[in-house]
There are 2 protein chains.
Amino acid sequence: MANSPSQNRSRSKGRVTLSDVASMAGVSSMTVSRALNDPERVSEQVRDRVREAVEALGYIPNRAARSLAGQRSYSIAVVIPSVSNAVFSNVIKGIYDVCSARGYEMLMGNTYYSVQQESSLIAKFLTHHPDGIIVTGLNMADSARTLLQGAGIPVVQLMEVGESEPIDLNVGISHRDAGAAMARYMLDKGYRHIGVLGAQMDHRAQRRIQGFIDVLAAAGRYDERRIVATPEPSTVRLGGLLLGDLLAAAPDTDAVFCINDDLAYGVIYECQRRHIRIPQQLAVAGFNDLEASSCINPSLTSVSTPLYEMGKTAADMLMRRLNGEHIEQPVVDLGFKLQARDSA
Amino acid sequence: MANSPSQNRSRSKGRVTLSDVASMAGVSSMTVSRALNDPERVSEQVRDRVREAVEALGYIPNRAARSLAGQRSYSIAVVIPSVSNAVFSNVIKGIYDVCSARGYEMLMGNTYYSVQQESSLIAKFLTHHPDGIIVTGLNMADSARTLLQGAGIPVVQLMEVGESEPIDLNVGISHRDAGAAMARYMLDKGYRHIGVLGAQMDHRAQRRIQGFIDVLAAAGRYDERRIVATPEPSTVRLGGLLLGDLLAAAPDTDAVFCINDDLAYGVIYECQRRHIRIPQQLAVAGFNDLEASSCINPSLTSVSTPLYEMGKTAADMLMRRLNGEHIEQPVVDLGFKLQARDSA
DNA sequence: TCCCATAATGTTAGCGCTAAAATTTATATC
DNA sequence: GATATAAATTTTAGCGCTAACATTATGGGA
């Protein structure tokens with residue numbers, strides 16, 4: 001009972017602390033700290049005694065104390081539109097794999113595609129004083145941009161490149177180019193009455209459509225009636241509904257570019273129900289090339305985007321910056337690949 | 001220059017602190033703390049002066065210091081198999097919505113379906129001294145269980161109920177019952193040569209299969225050849241491959257229960273390629289009732305599970321516990337619904 | 001008038017850890 | 001063996017905040 005920690009009326013919850021470990025191991029608490037965080041700098045025998053004491057006492061380090069004393073949090077903040085979106089869950093995995101391997105924690109938050117939410121989320125996250133922050137996209141509220149610029153930590157803007165000057169680091173693809181590439185592909189294949197289906201029109205989706213439309217217009221094939229877009233969240237069901245709208249407005253449409261694969265699946269299912277043959281009567285293309293796109297019937301022509309790599313690259317750049325390395329190339333365009341399949 | 005903060009050689013990074021705000025507002029730092037965290041207890045004029053000073057200085061609170069001084073972290077840890085799984089992303093959204101509304105941060109980590117990873121993740125998270133923790137499932141390594149029991153914080157075990165005694169709180173559904181319900185449904189519909197396709201056989205998937213098989217066996221309809229399972233991660237493509245294996249082993253199979261909807265989609269696509277008519281030649285059922293299941297052709301019979309509600313309920317229970325409320329019902333079974341559609 | 005309750009604010013001390021400087025101990029060099 | 005050098009460890013002093021207690025104003029009611 002004599003050596004039970006903190007029987008006094010202090011504020012402590014009676015947790016086992018570094019100094020408990022230290023007195024058990026017969027060294028100073030600083031030595032224990034080093035034995036745990038920088039073992040090289042401690043003699044082997046001390047290291048062993050510390051390890052024993054840690055195990056015997058069930059010591060769990062306190063990160064809040066560590067952050068406060070060390071003036072860094074060993075965490076990075078990740079601000080994305082929505083975790084429950086297959087696109088972002090792949091990106092997150094890339095970030096996660098790098099961060100967890102380096103001992104960094106991830107603070108994750110959803111903006112639900114709202115710039116206001118994004119700003120308040122960033123403000124909230126900065127109270128953790130993360131060592132770095134990854135945000136989605138290049139366009140954000142001025143308030144958010146100001147916060148990030150003043151935070152004094154590395155910032156990675158993820159998903160898109162080329163639309164505007166990044167705050168700091170930037171990894172992604174050119175959504176405008178990707179949209180343009182798809183338009184050229186469809187024109188090359190001989191389609192002339194080409195429609196576009198869009199939902200949850202975030203900045204990237206808008207850029208894809210813009211790139212697509214610009215090419216159509218340059219070829220004299222732009223027809224406003226064939227652009228069907230809604231701010232609603234994108235779902236498979238919605239793809240079918242939007243196809244209905246498109247065909248009602250422009251029945252002679254012979255090809256349709258869906259702003260993402262989910263919509264395209266919905267379009268394919270709707271065509272099956274309407275007995276519209278793909279691609280003979282209607283060509284269909286998607287975007288992101290999700291796993292199912294190569295399995296569906298007909299297999300879906302889509303734009304393959306390096307989602308996992310984007311996350312991984314963003315986190316890698318952040319880690320290198322945190323290690324004090326110079327980043328020779330602050331903007332990285334990872335490129336895309338048009339995956340031609342049976343649907344178009 | 002006299003009032004610029006921390007020009008000395010201290011360890012501070014020159015951040016704006018509470019006492020900077022305090023001296024600008026002409027009050028003590030404790031009063032600023034109260035003005036920010038418990039505004040009711042501070043006079044209106046002081047509140048205003050503090051707010052002005054905060055804005056003028058761009059003060060950002062330091063959560064590490066707050067956690068350390070307050071002996072709580074205002075964060076909850078969430079341990080799930082994989083964020084990049086549609087099932088869990090729905091659950092996460094439920095947790096996230098509750099937590100962020102209450103000012104709690106979420107620490108999220110992936111176990112990638114490994115109990116070892118789960119244990120080390122839990123150990124890592126406990127260093128943050130989260131105010132509560134949500135983990136997936138009832139079965140975990142003994143070491144993890146011991147850690148959680150000793151952590152002295154509320155624990156919610158999520159996704160499944162009824163298999164064993166929970167550590168603390170428990171929200172989910174009975175996967176065994178759900179599997180059994182599906183088996184009974186198929187038997188009622190007259191199918192007699194029923195197969196099962198499984199992948200990424202976590203504890204829940206195993207329970208679903210077990211419940212399914214038990215009912216088949218009781219009806220004298222269990223045939224080992226028709227159980228095709230793999231530990232590989234579940235994908236749409238894999239569904240098609242497993243169907244091939246099943247039909248090779250037992251060509252007279254007339255119905256198949258897929259352990260999740262992704263596999264079922266793959267089965268449907270493969271049947272389309274093989275010109276197997278669903279449900280006439282082969283009935284197909286899935287599990288989880290993802291959004292696309294009602295849109296695919298034929299629409300997929302599945303078991304609808306309250307994913308978002310599970311997350312929300314788990315977080316709610318945690319919050320109530322953290323507010324000191326008594327939880328009269330520590331185990332909550334949210335139930336499931338067999339969604340009969342055209343595929344079976 | 002005094003007394004006591006209540007509200008508003010201030011003071012003190014310390015949460016558990018680590019940076020930096022100070023000290024001790026081991027090792028190499030002549 | 002003395003000296004210089006490096007390695008291992010300890011000491012000191014906070015990091016920025018809040019719990020707990022102390023103090024000071026404010027307002028009735030006797």
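All values below come from the heavy atoms of this structure, side chains included, with hydrogens, waters and symmetry mates left out. Here is the naming used below: chain letters follow the sequence lines, and residue numbers restart at 1 for every chain.
One interatomic measurement links the two molecules: CG of A:Leu36 to P of D:dT9, which rounds to 14 Å at whole-angstrom precision. Per the geometry, CG belonging to B:Leu18 stands 19 Å off P belonging to D:dG14, to the nearest Å. Between B:Arg47 atom CZ and C:dA8 atom P the separation is 9 Å, expressed in whole Å. Computed from coordinates, the A:Glu40 CD to D:dA7 P distance equals 13 Å when rounded to whole Å. Note: CD (B:Gln71) to P (C:dG14) measures 13 Å, nearest angstrom. With rounding to whole Å, A:Arg72 atom CZ is found 18 Å from D:dG16 atom C1'. Following rounding to the nearest Å, A:Leu68 (CG) and C:dC15 (P) show an atom-to-atom distance of 13 Å. Atom CG in B:Asp38 sits roughly 13 Å away from atom C1' in D:dA19 (whole-Å rounding).
Dense packing is recorded around CD of A:Glu325, with more than 12 heavy atoms of other residues, nucleotides or ligands lying under 6.0 Å away. Other residues, nucleotides and ligands contribute at most 12 non-hydrogen atoms within 6.0 Å of the NZ atom of B:Lys312.
Between its opening and closing five pairs, the helix from C:dT1-D:dA30 to C:dC30-D:dG1 changes axis direction by 40°, a value rounded to 10 degrees.
Residues forming a side chain to side chain contact (heavy atoms under 4.5 Å, CB included) with B:Thr136 (at least two apart in sequence, or on another chain): B:Ile80, B:Pro81, B:Phe88, B:Met159, B:Arg204. Checked against salt bridge (charged side-chain N to carboxylate O under 4.0 Å, His left out), A:Asp142 has no partners two or more places apart in sequence or in another chain.
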**Report entry** Worked check of side-chain contact (heavy atoms from CB on, under 4.5 Å) between B:Lys93 and B:Asn90
**Finding:** CA-CA 5 Å; B:Lys93 190 163 187 298; B:Asn90 280 306; 5.6 Å; no

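Taking the charged nitrogens against the carboxylate oxygens, B:Asp316 and B:Arg320 have no contact shorter than 4.0 Å, which rules out a salt bridge.
Using a 3.5 Å distance cut-off with no hydrogens or angles, the side chains of A:Ser143 and A:Ser119 do pair a donor with an acceptor.
Checked against D:dG16, D:dC17, C:dT18, the side chain of A:Asn37 finds its nearest nucleotide in C:dT18.
The aromatic rings of B:Tyr112 and A:Tyr96 stand perpendicular to each other, their planes meeting at an angle above 60°, with 30° marking the opposite boundary.
With respect to B:Leu158, the side chain to side chain contact (heavy atoms under 4.5 Å, CB included) criterion is satisfied by exactly one of B:Ile95, B:Leu169, B:Asn170, B:Val135: B:Ile95.
Between B:Phe125 and B:Val78, the shortest heavy-atom contact is CE1-O, 3.7 Å.
Among residue pairs with one or both ends in residues 104-114 of chain B, those qualifying as salt bridge (charged side-chain N to carboxylate O under 4.0 Å, His left out) are A:Lys124-B:Glu105, B:Arg63-B:Glu105; sequence neighbours excluded.
For DNA chain C, the residues of residues 52-63 of chain A within the heavy-atom distance limit of 4.0 Å (strictly under) are A:Tyr59, A:Pro61, A:Asn62, sorted by number.
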Atom pairs under 3.5 Å, N or O on each side, protein against nucleotides 9-11 of chain C: can you list them with distances?
residue, atom, partner, partner atom, Å
C:dT9, OP1, B:Ser43, OG, 2.9
C:dT9, OP2, B:Ser43, N, 2.8
C:dT9, OP2, B:Ser43, OG, 3.4
C:dG10, OP2, B:Ser28, N, 2.8
C:dG10, OP2, B:Ser28, OG, 3.0
C:dG10, OP2, B:Thr31, OG1, 2.6
C:dG10, N7, B:Arg34, NH2, 3.1
C:dG10, O6, B:Arg34, NH2, 3.4

